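Below you'll find the structure, written out as structure tokens, and then a few comments.
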Amino acid sequence: MKTKNIISTAAVFLSVTFFSAQSQKSSYVLDLNGASTGIKIQPTMYGIFFEDINFAADGGLYAELIKNRSFEFDEPLTGWKQPNTKTLSPNLDSGFLTIITDTSKTNKNYARITVLNDKNYSLENEGFRGIGLHQGGKYDLSFNLENVSGNISAINISLVDENGTAVSSVSNIIKGTGWQKYNAVFIPSKTIEKAKLKITFTGNGVVNMDMISLFPQDTWKGRKGGLRKDLVQKLYDLQPGFLRFPGGCIVEGRTLAERYQWKKTIGKVEDRENLINKWNNGFAHRLTPDYWQSFGLGFFEYFQLAEDLGAEPLPILSCGMACQFNTAELVKMEDLDPYVQDALDLIEFANGNAGTKWGKVRVEMGHPQPFNMKFIGVGNEQWGEDYIERYKVFEKAIHSKYPDIKIISGSGPSPDGEFFDYGWKELKKLNAQIVDEHYYNSPEWFMKNAGRYDKYDRSGPKVFAGEYAAQSVGVVKPDNKNNWLTALSEAAFMTGLERNADVVTMTSYAPLFAHAEGWQWTPDLIWFNNLKSYATPNYYVQKLFSNNKGTEVLKITDQRKPIAGQDQLYATAVKDADNKETIIKLVNTDAKSKSVTINPENISLGKKLTKITLTAPELSTENSFENEPIQPKEETSTVKKGKMTVEIPAKSLVILKIK
């Protein structure tokens with residue numbers, strides 16, 4: 001993810017005049033050759049890029065509903081309010097909260113609450129832009145409390161709506177001495193998008209509180225303290241080949257001290273050290289000072305999610321370089337060993353048995369079997385000599401101990417230019433295995449670059465198209481839209497990725513998630529609020545390609561040439577040996593429909609044709625929480641053997657599945 005506008009895109013191309021309305025012809029005969037090309041589609045061809053940006057983790061996929069549950073933000077009361085407490089007052093008519101610090105603990109802060117008038121003191125949490133509640137749903141409340149002094153006999157907690165009316169309340173009798181853990185269940189009487197948690201007490205005195213937490217019971221796979229079900233379901237439906245995590249620039253951090261350190265994200269959730277999120281103040285136009293990382297969604301949970309999705313886990317680790325768009329802080333080469341050791345230890349954590357130090361940690365966390373990790377990324381989108389120098393050290397250490405692990409290296413944040421060329425030149429010399437390329441650019445760029453990989457070196461490193469998305473306005477522009485124009489241009493580009501599957505073995509759109517009110521970057525694949533989510537047109541393009549990736553590339557041509565934008569037509573074809581299908585993907589970016597005849601050679605096509613069409617009335621059309629006008633439409637028919645002719649609507653992606 002870039003934090004700086006490296007490229008400048010042109011104005012939004014929303015008029016149909018952007019697409020030539022004067023195509024040379026409206027009928028095409030495409031030759032489909034069934035002879036083996038030997039180009040296998042890797043199971044990892046289409047995957048998921050996850051980064052905690054736009055409230056993707058805390059406030060999003062990680063289903064915790066309480067913000068700053070353990071008072072660890074730089075401003076410890078962020079997310080919390082005491083409505084009847086005044087700053088310059090002894091608050092004899094209410095009470096007050098004081099933050100106590102215990103430096104012996106990883107999460108060092110807890111709240112000391114002094115209640116002087118239990119009829120008037122209250123403490124509230126606002127959640128992540130509110131707390132989303134579903135009527136009749138069950139919500140697990142938990143908190144740690146120590147009764148210090150006085151006569152407080154009970155703690156009363158309510159979920160209240162926007163008007164302060166309680167929709168569910170529980171009361172816990174305070175018992176015993178020392179720290180105790182309390183649990184309760186809420187069942188809201190109505191659906192609310194922006195509820196609050198309200199705490200009051202019975203009796204006056206002093207108590208300590210920490211880890212005040214609220215989760216829906218209806219999480220993905222019903223796991224306690226788990227992930228938001230509707231969001232994971234959308235990921236599952238993509239049938240991803242891999243899950244890249246945790247980013248993204250968040251891997252690097254603004255400084256090395258703020259880099260992502262995986263060892264701090266495993267073990268007991270309450271012992272995971274909170275950290276400011278890089279995107280807290282990443283963009284001046286979308287400052288988000290209440291954006292932190294609780295790491296409730298940590299590396300164990302990422303590996304578990306990948307397993308749930310049937311995807312290969314692909315962790316990316318710091319290579320000792322902070323984000324080059326920020327401080328560009330470097331660890332000295334003589335001090336690099338701990339960073340390299342983190343990579344080696346991670347492989348052991350994922351794949352080692354219970355007899356190894358880190359494999360034992362995984363087993364104790366509840367996963368006896370290895371995660372069978374095959375890939376690891378060294379750095380995110382670093383560039384220049386400093387990166388190559390550090391990559392060499394990582395590569396040697398990893399492959400000396402784990403020769404079968406495939407390493408992802410980087411070519412920087414841009415798809416061309418001096419640093420890109422330098423990175424590729426050096427990585428080729430080093431026989432790098434997979435090189436990550438990133439491109440955020442205009443829809444026009446994506447359509448013009450469908451043939452980008454046609455002439456790539458077949459004997460060089462493989463390509464991971466790790467971050468890409470068409471920008472309707474420009475990079476880091478808040479007005480970017482997930483409209484049909486961007487999705488259509490990405491579909492055109494993806495035909496070139498698939499056609500060159502002997503070079504491109506992994507691809508992923510980025511970013512993945514965005515909260516409707518908590519976002520920093522647009523466009524994004526899936527949008528959500530506190531209650532629901534919707535899929536963008538770009539999501540459906542990704543889904544159609546991933547769900548129909550096939551197993552081997554077939555040759556489809558127009559006058560013996562790849563179909564890469566001539567007359568605004570794009571095409572790729574694959575064989576699916578598993579389902580005994582032939583699959584053809586066609587993209588028409590023209591303002592007119594096209595009649596396409598498929599002429600089969602060296603192949604006997606079946607009679608059942610499934611035609612899936614994705615299109616929109618206008619290039620500016622978008623999906624929303626209220627409506628998804630852009631969704632795939634499927635129809636089946638019987639066709640005669642031999643040639644077949646189909647109509648490809650204007651401005652559309654069409655999938656033909658013949659069985």
Side-chain angles (χ1 to χ4, degrees), residues 30-49 238-244 310-312 314 374-375 406 408-409 411 415 424 428 432-439 446-447 449-468 490-509 541-558 560-565 570-587 602-603 653-658:
L30 307 183
D31 295 318
L32 175 67
N33 194 328
S36 175
T37 61
I39 301 175
K40 302 298 182 183
I41 304 281
Q42 296 302 313
T44 56
M45 185 66 188
Y46 301 108
I48 290 171
F49 170 99
L238 287 171
Q239 298 178 19
F242 65 87
L243 173 66
R244 170 179 173 161
E312 297 289 348
L314 172 52
K374 302 181 182 74
F375 302 90
K406 293 183 178 179
I408 312 294
S409 54
S411 60
W424 260 102
K428 274 190 174 182
Q433 293 168 299
I434 306 173
V435 178
D436 186 9
E437 294 189 0
H438 296 176
Y439 13 79
F446 278 90
M447 286 182 276
N449 279 272
R452 175 181 177 90
Y453 296 106
D454 290 350
K455 296 182 180 178
Y456 260 52
D457 182 2
R458 264 52 193 168
S459 62
K462 303 302 182 185
V463 171
F464 173 23
E467 294 186 36
Y468 69 89
E490 289 155 8
F493 181 74
M494 290 171 73
T495 63
L497 300 179
E498 187 170 275
R499 182 174 61 253
N500 290 283
D502 53 338
V503 171
V504 183
T505 59
M506 311 175 85
T507 67
S508 51
Y509 181 103
V541 167
Q542 294 291 322
K543 182 178 178 181
L544 285 176
F545 271 78
S546 183
N547 287 191
N548 297 284
K549 61 178 171 283
T551 55
E552 181 181 345
V553 174
L554 295 179
K555 194 172 183 180
I556 185 167
T557 57
D558 179 15
R560 298 185 179 180
K561 293 181 180 179
I563 304 149
Y570 304 77
T572 181
V574 298
K575 175 175 70 175
D576 189 332
D578 298 329
N579 295 316
K580 296 181 172 54
E581 288 180 326
T582 300
I583 303 172
I584 303 170
K585 302 177 182 76
L586 296 155
V587 178
N602 302 313
I603 187 172
L653 162 63
V654 171
I655 310 287
L656 304 176
K657 301 170 69 173
I658 308 119

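Because the structure is a prediction, the values reported are computed rather than measured. The chain is numbered in sequence order, starting from 1.
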Test item: D558 side-chain N/O and K561 main-chain N/O as donor-acceptor pair under 3.5 Å = no
Taking R244 for the side chain and S508 for the main chain, is one N or O donor matched with an acceptor at less than 3.5 Å?
-> no
Any donor and acceptor pair, going by atom type alone, linking the side chain of T507 with main-chain N or O of G466 inside 3.5 Å?
-> no
Does E581 offer a backbone N or O that forms a donor-acceptor pair with the side chain of N579 under 3.5 Å?
-> no
Sub-3.5 Å donor-acceptor pair from the side chain of S546 to the main-chain atoms of K543, do we have one?
-> no
Near-ring test F49/Y468, centroid separation under 6.0 angstrom | no
Does some side-chain heavy atom of F464 sit less than 4.5 Å from a side-chain heavy atom of L314?
-> yes
Relative to each other, are the rings of Y439 and F446 parallel, tilted or perpendicular (30° and 60° limits)?
-> perpendicular
Knowing that exactly one of R458, R452, K455 qualifies, which makes a side-chain hydrogen bond (donor to acceptor under 3.5 Å, both in side chains) with N500?
-> R458
Y46 ring center within less than 6.0 Å of F242 ring center | no
Any donor and acceptor pair, going by atom type alone, linking the side chain of E552 with main-chain N or O of T37 inside 3.5 Å?
-> yes
What distance do R499 atom CZ and T557 atom OG1 have between them, rounded to the nearest 0.5 Å?
-> 11.0 Å
Any donor-acceptor N/O pair, T505 side chain to M45 backbone, under 3.5 Å | no
Any donor-acceptor pair under 3.5 Å from K585 side chain to N548 backbone = yes
Is S411 reaching over with its side chain to a backbone N or O of D436, donor-acceptor style, under 3.5 angstrom?
-> yes
